[in-house]
Novice: 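I'd like to ask you about the structure that follows.
The figures that follow rest on heavy atoms only: side chains count, while hydrogens, waters and symmetry mates do not. Just follow the structure's listing: the first ligand is 1, and inside any ligand the first atom is 1.
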Amino acid sequence: MKYFIGNWKMFGVPKSINILNKINSFYLKDKNCKKYRVIVTPPYTLIESYSKHFKNKKIIIGSQNCYQKDHFSSNTSAVSPFMIKSVGAQYTLVGHSDNRIEGDTNHMLKNKVHFALKNNLKVVFCIGENKKEKQNKKTLNVLTRQISQVLDKNLKKNNIIVAYEPIWSIGTGKIPSSMELEKTIIHIKKVLKTTFKSKSPAVLYGGSVDGSNVKIFKKIKEIDGFLIGGASKSSKKFIDIIKNYYR
Ligand code: PGA
């Protein structure tokens, strides 16, 4: 199964659902649709209405983040996994670099993953190195640490997906070379296999994915799908990614 996950970030109002309606119509007609799953993470404000709208349809709604506590608490502006699940989300991103930059630590992320899974949300755990770490050839060390400080073998592996997103690639149009990316994904899968003492969960790539570079990425068989930011805000761009992946 491949995954095409759209991360809307701070984008979207109720009528933006038209974008997803178009993607849903495409999916229903696509002869390849059994091979992949489409998940979109709109902002918190839209999760409930979009989840209801797509309840018996093909697009799955997720959250972009969740708080590191379980249920209710006195944390202003926080939204817990329990609350997110209660309005129909099925997935949540955890550890996106936007949130790490704003202060999410590995310790916080460990709690987020734990409570998300406890509340039956599937987790898309994001990891990635920054430009300086890449220049200093620290990529693999950084990724190993990000995984080992957050994931462990007692977690429900089947409800976890890992998304590799090099920070220097997000929103910049820059992508890793195929050789580099293949090596990195293989490394991540090896670390995950050791962590879970069984087969690695799915590993996605994210960072400036578009309808043309997806033709390069599809040659790397280890990549199980994509986390798509900018291009997920346009139905045409998002559909082009899927079309060109299977062309
Ligand atoms: P991008 O964002 O596709 O716009 O680079 C990816 C992400 O941040 O998840």
Novice: Give the atom numbers and elements of ligand 1 that come within less than 4.0 Å of a heavy atom of Asn7.
Specialist: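 Here the atoms of ligand 1 in question are 9 (O).
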Novice: Using the six-membered ring of Tyr27, assess whether NZ or CZ of Lys58 lies under 6.0 Å from its centre and within 45 degrees of the ring axis.
Specialist: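 No.
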Novice: Please work out whether any backbone atom (N, CA, C, O) or any side-chain heavy atom from C-beta onward of Ile170 is under 4.0 Å from ligand 1, and answer side chain, backbone, both or neither.
Specialist: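 For Ile170, backbone and side-chain atoms both sit under 4.0 Å from ligand 1.
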Novice: Using only heavy-atom distances, determine whether the side chains of Trp8 and Gln64 contain a donor-acceptor pair under 3.5 Å.
Specialist: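 No - no donor-acceptor pair under 3.5 Å links their side chains.
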Novice: Please round to the nearest 0.5 Å and tell me the distance separating atom CG of Leu192 and atom NE2 of His187.
Specialist: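 Going from CG on Leu192 over to NE2 on His187, the span is 9.0 Å.
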Novice: Could you tell me which atoms of ligand 1, counted from 1 in the order shown, lie closer than 4.0 angstrom to a heavy atom of Glu165?
Specialist: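 Counting from 1, the qualifying ligand atoms are 6 (C), 7 (C), 8 (O), 9 (O).
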Novice: Salt bridge between Glu165 and Arg100, side-chain N to carboxylate O under 4.0 Å?
Specialist: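 The answer is no: the pair does not qualify as a salt bridge.
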Novice: Any nitrogen or oxygen of His96, main chain or side chain, under 3.5 Å from a nitrogen or oxygen of ligand 1?
Specialist: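 Min N/O separation from ligand 1 is below 3.5 Å for His96.
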Novice: With a 4.0 Å cut-off, would you call Lys35 and Asp30 a salt bridge?
Specialist: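 Between Asp30 and Lys35 there is no salt bridge, as every charged N stays at least 4.0 Å from the carboxylate O atoms.
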Novice: Assess whether side chain to side chain contact (heavy atoms under 4.5 Å, CB included) is satisfied between Phe4 and Ile23, documenting all intermediate values.
Specialist: CA-CA 11 Å; Phe4 294 89; Ile23 298 171; over 6 Å; no
Novice: Same cluster or not: Phe115 versus Tyr44, using hydrophobic residues (I, L, V, M, F, W, Y) connected whenever any side-chain heavy atoms lie under 4.5 Å apart?
Specialist: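 No; Tyr44 is not reachable from Phe115 via cluster members.
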Novice: Would you mind listing which atoms of ligand 1 come within a distance below 4.0 Å of any non-hydrogen atom of Gly229?
Specialist: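 Checking each atom against Gly229, I get 1 (P), 2 (O), 3 (O), 4 (O), 6 (C).
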Novice: Please identify which atoms of ligand 1 are closer than 4.0 Å to at least one heavy atom of Gly207.
Specialist: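 Per the distance check, 5 (O).
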Novice: Which ligand 1 atoms, with their elements, are less than 4.0 angstrom from a heavy-atom of Gly230?
Specialist: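 Per the distance check, 1 (P), 3 (O), 4 (O).
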Novice: Run the contact test for Ala231 against ligand 1 with a 4.0 Å cut-off on heavy atoms, strictly below, and give the result.
Specialist: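 False for this residue.
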Novice: Say whether Gly171, considering both its backbone and side-chain N or O atoms, lies within less than 3.5 Å of an N or O atom on ligand 1.
Specialist: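 Between Gly171 and ligand 1, an N or O pair is found under 3.5 Å apart.
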